[in-house]
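For reference, the structure is listed below as structure tokens.
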There are 2 protein chains.
Amino acid sequence: MTQSKTDPRVLRTRKLIMDSFIELSGEKEFKDITVKDITSEAMINRATFYYHFEDIYDLLDKVLSEVLLVNLNCDVYENNELNEAMLVAIFQAITNFQKSLSNRCHRGYEDTIARIIREQLEIIFYKRLLKQCPTENEQALKVTAVMLSWGIYGVSVEWSKNNQQVPPEEFIKSAIPYIIAGINIGFAKGE
Amino acid sequence: MTQSKTDPRVLRTRKLIMDSFIELSGEKEFKDITVKDITSEAMINRATFYYHFEDIYDLLDKVLSEVLLVNLNCDVYENNELNEAMLVAIFQAITNFQKSLSNRCHRGYEDTIARIIREQLEIIFYKRLLKQCPTENEQALKVTAVMLSWGIYGVSVEWSKNNQQVPPEEFIKSAIPYIIAGINIGFAKGE
DNA sequence: TTCAATCTGTTGTATATCCGACAAATCGAT
DNA sequence: ATCGATTTGTCGGATATACAACAGATTGAA
């Protein structure tokens, strides 16, 4: 499915780097974290960092993607239809993620984080739509995925700002009928 | 003091192996633990195990030594005289060690474990005596160290068998006068 | 501004680890 | 006692990581 086999050394090292980065993120702001900090926390050589990541922004990118994806994959790949339950699950994953990670650290990088989350959502939606509507025009699916990712992420921002007392699953439900309708109007379930 | 610098890779790998071995020792008996078990728990290649250890007995040897030494070094290297307080501390380290590790696992390897502990004790005593009595005949110091290590270990076995309700520091105290006397008769404090 | 100090990426070489394969040894069941 | 299955140690070739050094960029204080 993913890649057949990866050298265990790279798995170990990548994990060491990512864990160290997450650890340091809890201690100080992103802008104050240097590559040296990360590699000495991880007890690996600084050059090895650059063997795995282009720079510290690339690391941020991959860490965020991975953390978000871990939350998502569990729920998403059990259901296989893009229905109400799945959308609720995704929305919850996003709000969980925002509560756990992006709030407590990375001040000043909210925009970067937002972009990464949206990109990940877009990828997930697109894959899902492709599988669900294989006969449909790919361009149309792409546009739908973009719209969904921006739209749902926007709702999560709104929830963070003004409605954290409402349970996320509750909050998203009021938007779901529009979403489902939008999908079904565009192209009626793979027909 | 020890060695100037060791490659961080070997530190990581040795720790992974030793930790995995200790972990597995809690789950099953020593005789049922294979090298494959250890290396797959540690997520390292089996060949790498043999790069660090001769075989699984060598690993047992080093793990026991290291665990025991960790207990000892804290206490021993603060005091620098081989006096009553230090002997009590050493005895406590041994009984602690026996309670924590050798009882719960490694059934059937008590003799091996006993030998390893005695060897370690002998090394520690010899070093200490050398520093304390630099003018004395080395052969005499060696003999004293051997006698001390066997004797004190024997007392700890006796304690384990029949007197665990007595506090170790209490138990060893009754033997200490003889020990100290023995040292001082043989060669009067480095004169 | 200027200067010193730190940080960033990059490179070449040495070495630890991986991987697959192998023969010999050991184990367990028939 | 025999046979298949596992384990043990070992090896050679491939690859990831360590290390030291470097020039350029960035930072922070005088």
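Below, read A as the first sequence line, B as the second, and so on, with proteins coming before strands; counting in each chain starts at 1.
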Roughly, in whole Å, what's the span from [atom1] in [X] to [atom2] in [N]?
{"X": "Ile38(A)", "N": "dG9(C)", "atom1": "CD1", "atom2": "C1'", "result": "14 Å"}
{"X": "Lys36(A)", "N": "dA5(C)", "atom1": "NZ", "atom2": "C1'", "result": "14 Å"}
{"X": "Met43(B)", "N": "dA16(D)", "atom1": "CE", "atom2": "P", "result": "17 Å"}
{"X": "Phe53(A)", "N": "dT10(C)", "atom1": "CZ", "atom2": "P", "result": "15 Å"}
{"X": "Asp55(B)", "N": "dA25(C)", "atom1": "CG", "atom2": "P", "result": "16 Å"}
{"X": "Lys31(B)", "N": "dC27(C)", "atom1": "NZ", "atom2": "C1'", "result": "12 Å"}
{"X": "Tyr57(B)", "N": "dG9(D)", "atom1": "OH", "atom2": "P", "result": "8 Å"}

field: Under 3.5 Å donor-acceptor pair, Arg9(A) side-chain atoms to dT17(C) base atoms
entry: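 Check passes, donor-acceptor contact within cut-off.
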Partners of [X] by side chain to side chain donor-acceptor pair (under 3.5 Å), sequence neighbours excluded?
{"X": "Glu41(A)", "result": "none"}
{"X": "Thr34(A)", "result": "Asp37(A)"}
{"X": "Glu170(A)", "result": "none"}
{"X": "Arg14(A)", "result": "none"}

Show me the protein contacts with nucleotides 19-23 of chain D, counting only N or O atoms at under 3.5 Å.
none

field: Test ring pair (Phe, Tyr, Trp, His ring centres under 6.0 Å) applied to Tyr126(A) - qualifying residues, sequence neighbours left out
entry: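 Partners of Tyr126(A) under the ring pair (Phe, Tyr, Trp, His ring centres under 6.0 Å) test: none.
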- prompt: What pairs with Asp55(B) under side chain to side chain contact (heavy atoms under 4.5 Å, CB included), at least two apart in sequence or on another chain?
  reply: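 Counting only residues at least two positions away or on another chain, Asp55(B) forms a side chain to side chain contact (heavy atoms under 4.5 Å, CB included) with Tyr57(B), Asp58(B).
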message: According to side chain to side chain contact (heavy atoms under 4.5 Å, CB included), who are the partners of Gln165(A), at least two apart in sequence or on a separate chain?
response: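 By the side chain to side chain contact (heavy atoms under 4.5 Å, CB included) rule, Gln165(A) matches Asn163(A).
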According to a strict under-4.0 Å criterion, is [X] in side-chain N/O contact with OP1 or OP2 of [N]?
{"X": "His52(A)", "N": "dT17(D)", "value": "yes"}
{"X": "Tyr50(B)", "N": "dT10(D)", "value": "no"}
{"X": "Tyr51(B)", "N": "dA16(C)", "value": "yes"}

- request: Quick one: closest heavy-atom pair of Glu169(A) and Val88(A), and the distance?
  value: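 It is CB-CG1, 3.7 Å.
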message: With each end axis built from five pairs of C1' atoms, what bend angle do you get for the helix from dT1(C)-dA30(D) to dT30(C)-dA1(D)? Round to 10°.
response: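 Between the first-five-pair axis and the last-five-pair axis there is 60°.
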message: Please enumerate all residues that pass salt bridge (Lys or Arg N to Asp or Glu O under 4.0 Å) together with Lys36(B), with sequence neighbours excluded.
response: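 Salt bridge (Lys or Arg N to Asp or Glu O under 4.0 Å) list for Lys36(B), sorted by chain: empty.
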message: The criterion is salt bridge (Lys or Arg N to Asp or Glu O under 4.0 Å); which residues satisfy it with Glu84(A), sequence neighbours excluded?
response: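 Testing Glu84(A) for salt bridge (Lys or Arg N to Asp or Glu O under 4.0 Å), a comparison that skips the adjacent residues, returns none.
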task: For DNA chain D, determine which residues of residues 10-17 of chain B have any heavy atom closer than 4.0 angstrom to one of its atoms, and list them numerically.
output: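 Contacts with DNA chain D under 4.0 Å: Arg12(B).
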- prompt: Would Arg12(A) and Ile44(B) satisfy side-chain contact (heavy atoms from CB on, under 4.5 Å), going step by step from the backbone distance to the final call?
  reply: CA-CA 10 Å; Arg12(A) 276 205 297 275; Ile44(B) 57 132; 3.6 Å; yes
message: With a 6.0 Å cut-off (strictly less than), is the heavy-atom count around CD of Glu138(A), excluding the residue itself, greater than 12?
response: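 At most 12 heavy atoms, drawn from other residues, nucleotides or ligands, come within 6.0 Å of this atom.
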task: May I ask you to say what Ile44(B) touches in the nucleic acid, namely base, sugar-phosphate or nothing, with a heavy-atom cut-off under 4.0 Å?
output: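 Result for Ile44(B) = sugar-phosphate.
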